[in-house]
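Structure first, then comments.
Please read these numbers as outputs of a predicted model, since none were measured by experiment.
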Amino acid sequence: MTSTTPQQELVRFLEDRFACAQACTDCARACALRASLVEPDGAEEQELVRRKGILCAEVCDATCRALGEQGHMDEGAESALRIQLEWTRTVCLECAHVFDRHPEAEDAAKACRDCARACTDFMATLD
């Protein structure tokens with residue numbers, strides 16, 4: 001049976017943290033772009049795309065900043081980060097479902113799903 005050293009665990013933690021932050025950045029960029037392509041006073045469905053895209057971009061941006069700012073992870077900081085990651089995952093999946101209904105939003109929907117997956121993977125390292 002192979003066990004990991006504390007240094008290997010730390011490296012894995014930092015790699016997963018970076019991957020999650022990168023996925024959040026990619027998602028925020030894709031959602032902001034998608035939202036900017038929608039008419040601000042368009043039909044109800046277009047307005048939903050715009051609002052979900054803006055929300056997702058803001059949440060992902062905040063999560064990326066939280067991942068970059070975390071220093072020592074005490075129990076309170078870990079709990080707050082877990083809540084942020086769960087919120088991001090939920091918003092990303094909701095946004096992806098909205099984007100799925102629009103033919104030119106496939107890349108943005110994929111970025112949202114990739115971010116949700118990265119958040120899930122990183123949360124597993126917090127256990």
* Partner set under salt bridge (Lys or Arg N to Asp or Glu O under 4.0 Å) for Asp100, not counting sequence neighbours -> Arg113

* Structure fact -> Taken to the nearest 0.5 Å, the spacing of Ile54 CD1 from Ser36 OG works out to 9.0 Å

* **Results of salt bridge (Lys or Arg N to Asp or Glu O under 4.0 Å) for Glu58 - residues two or more places apart only** => none

* Asked: Which other residues end up in the same hydrophobic cluster as Leu55, if Ile, Leu, Val, Met, Phe, Trp and Tyr are linked when side-chain heavy atoms come under 4.5 Å apart?
  -> Val59, Trp87, Val91

* Non-hydrogen side-chain atoms of Thr88 and Cys24 separated by less than 4.5 Å -> yes

* Once you round to the nearest 0.5 Å, how far does CE of Met123 lie from CZ of Arg82? -> 7.0 Å

* Value rounded to 0.5 Å, distance of CZ in Arg34 from SG in Cys112 -> 11.0 Å

* Shared ILVMFWY cluster between Leu85 and Leu14, side chains joined below 4.5 angstrom? -> yes

* To do: List, by chain and number, the other hydrophobic cluster members for Phe99, where Ile, Leu, Val, Met, Phe, Trp and Tyr join if side-chain heavy atoms come within less than 4.5 Å, directly or indirectly.
  => Val38, Leu48, Val49, Val98

* Partner set under side-chain hydrogen bond (donor to acceptor under 3.5 Å, both in side chains) for Glu47, not counting sequence neighbours -> Arg50

* For Arg17 and Ala66, which heavy atoms make the closest approach, and how far apart are they? -> NH2-O, 4.5 Å

* To do: With sequence neighbours left out, write down each residue that passes side-chain hydrogen bond (donor to acceptor under 3.5 Å, both in side chains) with Gln7, or none if nothing qualifies.
  => none

* **Partner of Arg117 under side-chain hydrogen bond (donor to acceptor under 3.5 Å, both in side chains), chosen from Asp121, Thr120, Asp114** => Asp114

* Beyond-backbone contact of Cys115 with Asp26, side-chain heavy atoms, under 4.5 angstrom -> no

* Asked: Which residues pass the side-chain contact (heavy atoms from CB on, under 4.5 Å) test with Ala32, sequence neighbours left out?
  -> Ala57

* Tell me, with the steps shown, if Cys60 and Cys31 meet side-chain contact (heavy atoms from CB on, under 4.5 Å). => CA-CA 9 Å; Cys60 287; Cys31 288; over 6 Å; no

* Which distance, rounded to the nearest 0.5 Å, do you find between the CG of Asp16 and the SG of Cys119? -> 11.5 Å

* Cluster partners of Ile83, using ILVMFWY side-chain heavy atoms under 4.5 angstrom, listed by chain and number? -> none

* To do: Check salt bridge (Lys or Arg N to Asp or Glu O under 4.0 Å) between Glu45 and all other residues, then give those that pass, not counting sequence neighbours.
  => Arg101

* Any side-chain heavy atom of Phe18 within less than 4.5 Å of one from Leu67? -> no

* Asked: Taking only residues two or more places apart in sequence, or in another chain, which ones meet Gln46 in a side-chain hydrogen bond (donor to acceptor under 3.5 Å, both in side chains)?
  -> none

* Structure fact -> Between Ala21 and Cys64, the two heavy atoms sitting closest are O-SG, 3.6 Å

* Structure fact -> Between Phe13 and Leu126 the two heavy atoms that sit nearest each other are CE1-CD2, 3.7 Å

* Non-neighbouring partners of Arg89 that pass salt bridge (Lys or Arg N to Asp or Glu O under 4.0 Å), sequence neighbours left out -> none

* **Residues forming a side-chain hydrogen bond (donor to acceptor under 3.5 Å, both in side chains) with Glu86, sequence neighbours excluded** => none

